[in-house]
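Here is the structure we will look at, set down as structure tokens.
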Amino acid sequence: MKRPTAVTPRGLCLSLFVPLCALLPLEAARAQQTDATAPSPEAGTIAGVVTAQETGAALPEVRVTVSGTALAATSGPDGRYTIGLVPPGTYRLQARLIGHAPIETPGVVVTAGETTPLDLQLQPLPVALEQVVVVGYGTQARRDVTGSVASVSSADMQRAGTVNAVDALKGRVAGVDIAISGNKPGDGFRVRVRGDRSFQASNDPLYVLDGIPMSGGIGDLNPNDIESVEVLKDASATAIYGSRGANGVVLITTRQGAVGTTSVTYDTYAGVQEPVNLVAVMNGPQFAEFKREANRARGQYKCNNGAAVCDSADQVLFGRDGTLGALQAGRWTDWQNLVLRQAPEMSHQVRITGGDEKTRFALSAGLLDQQGILRGQDFQRRSMRLNFEHRPSPRLMVGSSTSVIRTEQNLGRGDGLYSESLQDNPLGMAYDSTGQILFKPTPDGQRVNPLSDIQNWTDERVRTRVFGIMYADYHLTDALDWRVNFGADLSFYRRGQFRGAETQQNQGSSADAGLWQNRTFAYTLDNILTYRSALGTNHRLDATLLYSIQQERYEGDTTSVLGLPYEEQQFYDLGSAVNITGVADTLGEWALQSVMGRVNYAFKDRYLLTVTSRLDGSSRLAQGQKYGVFPSVALAWRLSEEGFIQRTNLVSDLKLRLSYGRTGNTAIAPYQTLGSLDRTMYSFGDKAAVGYRGATLPNPDLKWEKTGQVDVGLEFTSRSGRIAGTVDYYQSHTSDLLMLRQIPTTTGYASILQNVGATHNSGIEVALSASLLKDWHGLGWSTQLTWAKSRNRIVSLSSGLQADAGNAWFVGSPIQVYYDYKFAGIWQLQDSVEAKKYKQAPGQIRVVDVNGDGLINQDDKVILGSYFPAWTGSLTNRFDWGRFDFSVMAVARWGFMVKDQFRTDFSTMAGRYNNIAVNYWTPTNPSNTDPRPNAAQENPPYGDARGYEDGSFVRVRSITLGYTLSGARLGPFRGRSLRIYATALNPFLYTRFRGLDPEARTTEGSVSARNFREVGSARTPSYRTVMMGATVGL
Amino acid sequence: MRTETRMRNRPVALMTAALLAGLAACVDLNEHLVSGLANQPYNSPQVFDALVNATYEPLRSFWAQERGFTVTEFGTDIFTKGADGSHKFINDYTTQLNADESFFRDTWDDFYRAINTANAVVGRAPVVDMDSSRKAQRVAEARFLRALYYFVLVQMYGPVTLTLQETDVVSTQTTRAPVDSIYDAIIDDLHYAEATLDYVSPDYGRVTKGAAQHLLAKVYLTRLRSNDASTDETLKQQAGDFANAADYAQRVINSGHYQLLSRFADVFDFNNERNAEVIWSVQFTTDPLTTGPGNSGHLYFLMEYDVMPGMKRDIANGRPFKRFRPTWFLLGLYDRTRDSRYDAQFTRVWYANNTATIPKDAQGVPTFQLGDTAVYVSPTDADTVLARTRRYRVYTPLERLPDGSPRPLPYADNIFPSLNKFHDAFRLSINETRGSRDFLLFRLAETELIAAEALLRDGRAAEGLDHINRVRRRAAIPGHEAEMDLTLAQLTLDEILNERAREFAGEMMRWFDLVRTHTLVSRVRAYNPDGAPNVQPYHALRPIPATQLQRTTCCYTQNPGY
């Protein structure tokens, strides 16, 4: 065997390739197996294999019919079909599979006593209607699904060409809103299915990986390992997850090997990321004038002859901190430019899948290396996975799906680094005359050289996760299956932080370090009985019964120290420090116990009924309130089976769905029902005096938060299969909201977790896909559109209050609103009399005196807007021409407000730090957008009022151009397929938003609605990635 | 396939087995809190002691913190706003000083939580298994602390909720109790503490009899009986408040446990914080694990020395927040020829510590060396001449020269003599905010001035004169003691307020002193140029936090004017 040469020379890949070659002969041997079906003497037989045209994979469940006869067959798991007893003659054969274009093969000649071989190839439709979907504790044929379930296939995921599995879902499913939580490498995402509904409990969906709930989201997963993702949206679909279904469920199925072919796939890409949408700060001369104006405003910049600028005043002002020389020489530093870079990113993955009738497997290993656009930041992910399935007997199947993932995120100073570069005095110098980094470009006690932070500040977060699932499936009878699933999720997290003396934190005094470690062990054990039976010709019934337990144990500890004797040690010799500044550790445990039943009933394949109910018991709730029942019922009517629809000849598939269900939410921290004591610290002399005092009152009545949801949906596929779509309308009502109810602090407590209040969500979701051109002069064009509009409002609050201004919760308004003073411009010179009434002066920010009482106080705060978008949407276009494919995807998030903390934090107008280059007011420049700089204040009064902005944006997510060759010669050996592509990720952003990125925020992952109001303050610019990649199939 | 056959015959048995296998793994849904304690009844002496300790902790949320300094020094006659900080309207009395201000809200929240903790100590004590005299002492400590917290609340907000029982169920109904009943509760608690505690505690920093007596004296002196100044004076005299105040102050003075140090400067010597003048102090340590937020007083009174030529920020000189600038009035109160306290507590000279920014002359020679004077904030305009001849920076008070032209280097909101009572040269790092000094909450000099004021207002001025003169003589520059003596004619309430300003500048008393003596409006109008245009009589009370009004079911009223 020759070594492949067309792949990158990285050692990892080569070492994995070599042993693979040994597998190739096996494949050849298997292909020679012959079919044992003997033809009958009076009639002929048609037999063959149905495969997918693109991948060559065997296609099961394909209905092959002989036109004009009742003769038909369905292909088996290996794609084989056999139609026997065919009278001799010439026939036209039809093959159909949902999600694929039906094909017809005319002129099939059948001779008595002989088998006519006919292999068929089906092409998948661009329409996202898969044949089989995962619905939780089982699978279902797409046409039988009664709930609102959206699927995303691996092909779609891969086409996104992204490092993160969540990111790959973006814009793929109507009603699923995905936003990044930051632009640092390895940053997470915030996912909302049909919006927010809870105040206090998490609004994150439940993630289920190969049947096992997975805490902390799927960000750790390698997207290339994913076969499909199903998003369960309505209550009928999610109620089987009962207490955890209220926020939607994301089911992830990892790749499994296919019978009959061993394939080796190598995926790689490499690209460059570069920052986009930078915000301009002032340059040296602009900053100098800004600083002068700030000091004029407080009467500290005075020239004798009344001139605006003079050397004598400059000498006092700039001589103080040593920047006079730079000012006079016209030298200045662009700090942003020093910390940003074009950053490389690359990925390699090798996947081997295969199997025979008894055993299937998928083996993969991947490496991702992403450098950050800020110097000193990077992210690596190394992952290995083995999916394995074996049938020791026809009735028993055992299997496992195990992955080990290690991620390492190096953040250095994180977002603070970019902040430093924006705020540093441009008149300061980065390097001294010998080329050494100047730690203090100016004597300002808060500012340092960001290059020094890059060198001396480490923040390394390493997570190792082992996610192992084992299962056994036994056919008790032909109709009855017993499955046992056991899944264990072990995760080890270590964050080490080291800050040398010469960092912004330590200002040259001494180094400090901290170590955070936690260990989480969670397991799930499911026992599932499944019954499937056809009762006569008109009835089909399947039923599922589940008993499940889940437990999690979390241990964490942290140590922080100050005064490290030598800096090389980083955080690996904490004991050498002069002071221990913090020690803490914690233990948390919770458990869930559940019984679930589900019945699917179909009458004549056209009337479908699903009834489910789940009983969940959660340790997190109070005694006597621990159990909750979550029922649902759904009806579907396959109109396309009805004669009156079939006669219209418009659709090949049309289904109307109606569902109602109740789900719960217990995503609160454990131990909340017990009430807790806070630990306090005091001292007598130098002796520690540890104390305990009441922190929260016990609430023995804490119970489930419940959501009832009604969903009406319509799914259709046009007769030609070229247009398909889904429309859903839903309403959900969440009651017994878990909420930190604010109580008067004169009780000694600020809040208590209670079930109070209710919210209402409603919305409409549309997903359309169309094959606009099919082989028009060789050109194919398909398009997919998703659009979702949802509305969320608070229906009631604790104690029947209509408004809780302290929390910015108002009945009739969304959960997330901005409630603050309304910006009304800048007080102008001609307004000075009016301004004086408000104890203000021209040049200051003016806010609206809503009640006109001449006072600005809490009565003048108004609801300014909501973070909740009016609608979200996405549009994907794909063109195929010969071996080329080209696709463009754009997403939009429209009609929402962002509190642009970035714009206010970096525009403090004090003249001390550098500022966003705004058009500020001066006595001669009547700007109405930004106030006069003033060195006598850290922040301008009502400065926050400037920051509320429309965040609407349209972002081109990706543009990909690909070229595919099958059966290509790849250098010295023959491959199965080759695809090379070039992708631009996030190349364009269209928005009126003036901050860094309307989508990004600093808070990560699972944040409650309450914290989520603090958005828009992300301090790393967004970036675009341009990459080249190849997928090689062997 | 024998196994298979057997199984096919017994599907029911197998199903049962499956379910049993699952049920055997039945989980325990009861919660057991291990890291931390649940909020449940207990009688363990250790947890009871911890509850008492927790009653002390809120002292650190107010005293020696930005919040406490801001609400007691801003908007008075002796301090006004410096360049930095976000709570300037507390000084300026503009409309932003309203119910949303976090410092008023947080003080309210923390002290009511502290009161609830004290209530828990008092209420749970009967079931605690502990030596009875020690238990009584602990209850006395908690009752003293409860009284202290209520004393701050009633002075700041007027009539407020009065609860003496621990909260065990949620209630959103509460009302404002009359000021009188709050003072009655405070005095009741303090009498118990005074009777129960000793002058000396084995744990330095616990409440003592002396602390209870000092606070009783102060409470009697402060107790508000009418919003009208002269009516208030008459009513207090009639009720015997001044006599009581003088009595308790003299008990402290005559106890023999405390004495004035011979030098004012020694009281705030970093290495001498446990001295004979200290009656009671809020505790801080050098250990970051036990010092909590630390004494952060070192931050706020410093001017911006660190960007001056030849200077950089370092630990010894401190981290300058330039928050509180002394008023001209305060600086003018000291007769620097005989009163040592100006020189003792205001830093005016900084010595070069940064070669990189030392100015160079035309030949490139540094104009001064490391360790030389780099900045001098002169107390007098006469130093203008000095400013012209010296190579270092000399700042002088007035903004304009006699001819009206601007002076190049006047005092400003970032340049002023810097109060150094809380200076902490032993912090762990340059930007460390946690200082280790104890905050001297009660010291004998104040007891003397309380006695002087109480006796004066009780019509016994001659007795009072001796008390104030002890403090003044101690402050004298050696050899000038006799010149510091006041005569009987000079002893007025105004002069006592001035003396308190000289002695306790920055010690978190001023706003209370002005309110207590009904002089807030007149003194702010006269001496605080930023607050003068806006201060109104209603500012003698702080706004009730908006959160309290919003969360209370009915009828919690706002103080007038807000």
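Naming: A, B, ... by sequence-line order, numbering from 1 per chain.
Across all their heavy atoms, A:Gly319 and B:Arg393 have their closest contact at C-NH2, 4.2 Å. Of all heavy-atom pairs between B:Arg113 and A:Gly748, the closest is CG-O, 3.4 Å. For A:Gly691 against B:Asn53, the heavy-atom pair with the smallest separation is CA-CB, 4.0 Å. Summarising the geometry of A:Thr581 relative to B:Arg434, their closest heavy-atom pair is CG2-NH2, 4.1 Å, with the distance given to 0.1 Å.
The residue among A:Leu438, A:Asp512, A:Ile580, A:Leu562 with the most heavy atom pairs within less than 4.5 Å of chain B is A:Ile580. Interface remark: of the candidates B:Asp314, B:Leu549, B:Thr161, B:Thr552, B:Thr161 forms the most heavy-atom pairs closer than 4.5 Å to chain A. Listed options A:Gly508, A:Gly617, A:Ala584 were ranked by heavy-atom pairs under 4.5 angstrom with chain B; first place goes to A:Gly617. Among the candidates A:Leu855, A:Asn699, A:Leu697, A:Asp444, the residue making the largest number of heavy-atom pairs closer than 4.5 Å to chain B is A:Leu697. With chain B as the partner, the residue from A:Leu674, A:Thr673, A:Ile752, A:Asn939 showing the most heavy-atom pairs under 4.5 Å is A:Leu674. Between chain B and the options A:Ala803, A:Ala689, A:Gly322, heavy-atom pairs under 4.5 Å are most frequent for A:Ala689. Looking only at heavy-atom pairs under 4.5 Å with chain B, the residue among A:Ala695, A:Ser676, A:Ala591, A:Ala501 that has the most is A:Ser676. Note on B:Gly36, B:Ala114, B:Ala50, B:Gly205: by heavy-atom pairs under 4.5 Å with chain A, the leading option is B:Ala50. Looking only at heavy-atom pairs under 4.5 Å with chain A, the residue among B:Gln173, B:Lys88, B:Arg206 that has the most is B:Arg206.
Neither the backbone nor the side chain of B:Ser201 comes within contact range of chain A; no heavy atoms are under 4.5 Å apart. Of the atoms belonging to A:Gln446, heavy atoms from both backbone and side chain fall under 4.5 Å from chain B. Looking at B:Ile415, only its side chain comes within 4.5 Å of chain A, counting heavy atoms on both sides. For A:Leu324, no part lies near chain B; criterion is any non-hydrogen pair under 4.5 Å. For A:Gln937, the parts sitting under 4.5 Å from any heavy atom of chain B are the backbone and the side chain alike. In this structure, chain A has heavy atoms under 4.5 Å from both the backbone and the side chain of B:Ala99. Looking at A:Tyr627, the atoms closer than 4.5 Å to chain B (heavy atoms on both sides) all sit in the side chain, from C-beta outward. For B:Thr286, the part lying under 4.5 angstrom from a heavy atom of chain A is the backbone only. Contact annotation for B:Thr117: only side-chain heavy atoms (C-beta onward) come within less than 4.5 Å of a heavy atom of chain A. For a residue to count as touching a neighbouring chain, one of its non-hydrogen atoms must lie under 4.5 Å from one of that chain's; by this rule B:Arg427 does not touch chain A. Only the side chain of B:Leu59 comes within less than 4.5 Å of a heavy atom of chain A; its backbone N, CA, C and O stay farther away. Contacts between A:Ser618 and chain B at a heavy-atom distance below 4.5 Å involve the backbone alone (N, CA, C, O). Only the backbone of A:Ala935 comes within contact range of chain B, judged by heavy atoms closer than 4.5 Å. Heavy-atom distances place the side chain of B:Arg319, and not its backbone, under 4.5 Å from chain A. The contact between B:Ser171 and chain A is made entirely by backbone atoms, counting heavy-atom distances below 4.5 Å. When heavy atoms are compared at a cutoff of 4.5 Å, B:Ser86 approaches chain A by way of both its backbone and its side chain. Only the backbone of B:Asp168 comes within contact range of chain A, judged by heavy atoms closer than 4.5 Å. Of the two parts of A:Thr696, only the backbone, made up of N, CA, C and O, holds a non-hydrogen atom closer than 4.5 Å to a non-hydrogen atom of chain B. Residue contact with chain A, scored on non-hydrogen atoms closer than 4.5 Å, involves the backbone and the side chain of B:Leu37 alike. If you measure heavy-atom distances from B:Val121 to chain A, you find no contacts under 4.5 Å at all. Using a 4.5 Å cut-off between heavy atoms, B:Lys81 makes no contact with chain A at all. Proximity to chain B (any heavy atom under 4.5 Å) is restricted, for A:Gln551, to the side chain, taken from C-beta onward.
Between the side chain of B:Thr290 and the main chain of A:Ala688, no donor-acceptor pair closer than 3.5 Å is present. The backbone N or O of B:Gly85 lies less than 3.5 Å from a partner atom in the side chain of A:Glu938, making a donor-acceptor pair. A:Ser509 contributes no side-chain N or O that, together with a main-chain N or O of B:Ser429, makes up a donor-acceptor pair within less than 3.5 Å. Side chain of B:Glu31 to main chain of A:Tyr671: a donor-acceptor pair is present (N/O by atom type, distance under 3.5 Å, no hydrogens or angles). Judged by distance alone, with hydrogens and angles left aside, the side-chain atoms of A:Asp321 form no donor-acceptor pair with the main-chain N or O of B:Val307 at under 3.5 Å. When atom types are taken as modelled, the side chain of A:Lys687 and the backbone of B:Asp203 share no donor-acceptor pair closer than 3.5 angstrom.
For the pair A:Arg912 and B:Asn414, the minimum side-chain heavy-atom distance is 4.5 Å or more. No side-chain heavy atom of A:Lys440 sits less than 4.5 Å from a side-chain heavy atom of B:Lys312. Residues B:Tyr204 and A:Asp686 form no side-chain contact, since every pair of their non-hydrogen atoms from C-beta on lies 4.5 Å or further apart. B:Gln548 is listed as a side-chain neighbour of A:Thr745, based on a closest heavy-atom distance under 4.5 Å. Proximity of B:Val170 to A:Tyr749: side-chain heavy atoms (C-beta onward) are nowhere separated by under 4.5 Å. A heavy-atom distance below 4.5 Å is not found between the side chains of A:Arg693 and B:Asn116. Taking 4.5 Å as the limit, every side-chain heavy atom of B:Thr163 sits out of range of all side-chain heavy atoms of A:Thr746. Within the 4.5 Å cutoff, the side chain of B:Val282 has heavy atoms near those of the A:Tyr682 side chain.
Partners of B:Arg551 by salt bridge (charged side-chain N to carboxylate O under 4.0 Å, His left out), not counting sequence neighbours: none found.
B:Thr167 OG1 to A:Ile743 CD1: the interatomic distance, rounded to the nearest 0.5 Å, is 7.5 Å. Annotation: the span from A:Asn579 atom CG to B:Asp287 atom CG amounts to 7.0 Å, rounded to 0.5 Å.
Side-chain polar atoms of B:Arg60 and A:Ser683 form a donor-acceptor pair below 3.5 angstrom. With no hydrogens or angles considered, no side-chain donor-acceptor pair links B:Asn431 and A:Gln504 at under 3.5 Å.
Note on A:Lys839 versus B:Asp92: no salt bridge recorded, every NZ/NE/NH1/NH2 to OD/OE distance being 4.0 Å or above.
For A:Arg298, the CZ atom is densely surrounded, since the number of other residues' heavy atoms within 6.0 Å is greater than 12.
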- [ ] Test A:Gln300 against B:Asp413 for side chain to side chain contact (heavy atoms under 4.5 Å, CB included), laying out the working first.
- [x] CA-CA 10 Å; A:Gln300 277 203 25; B:Asp413 51 13; 3.5 Å; yes

Task: Steps toward side chain to side chain contact (heavy atoms under 4.5 Å, CB included) verdict (A:Gln840, B:Thr94) - done: CA-CA 9 Å; A:Gln840 287 192 275; B:Thr94 54; over 6 Å; no

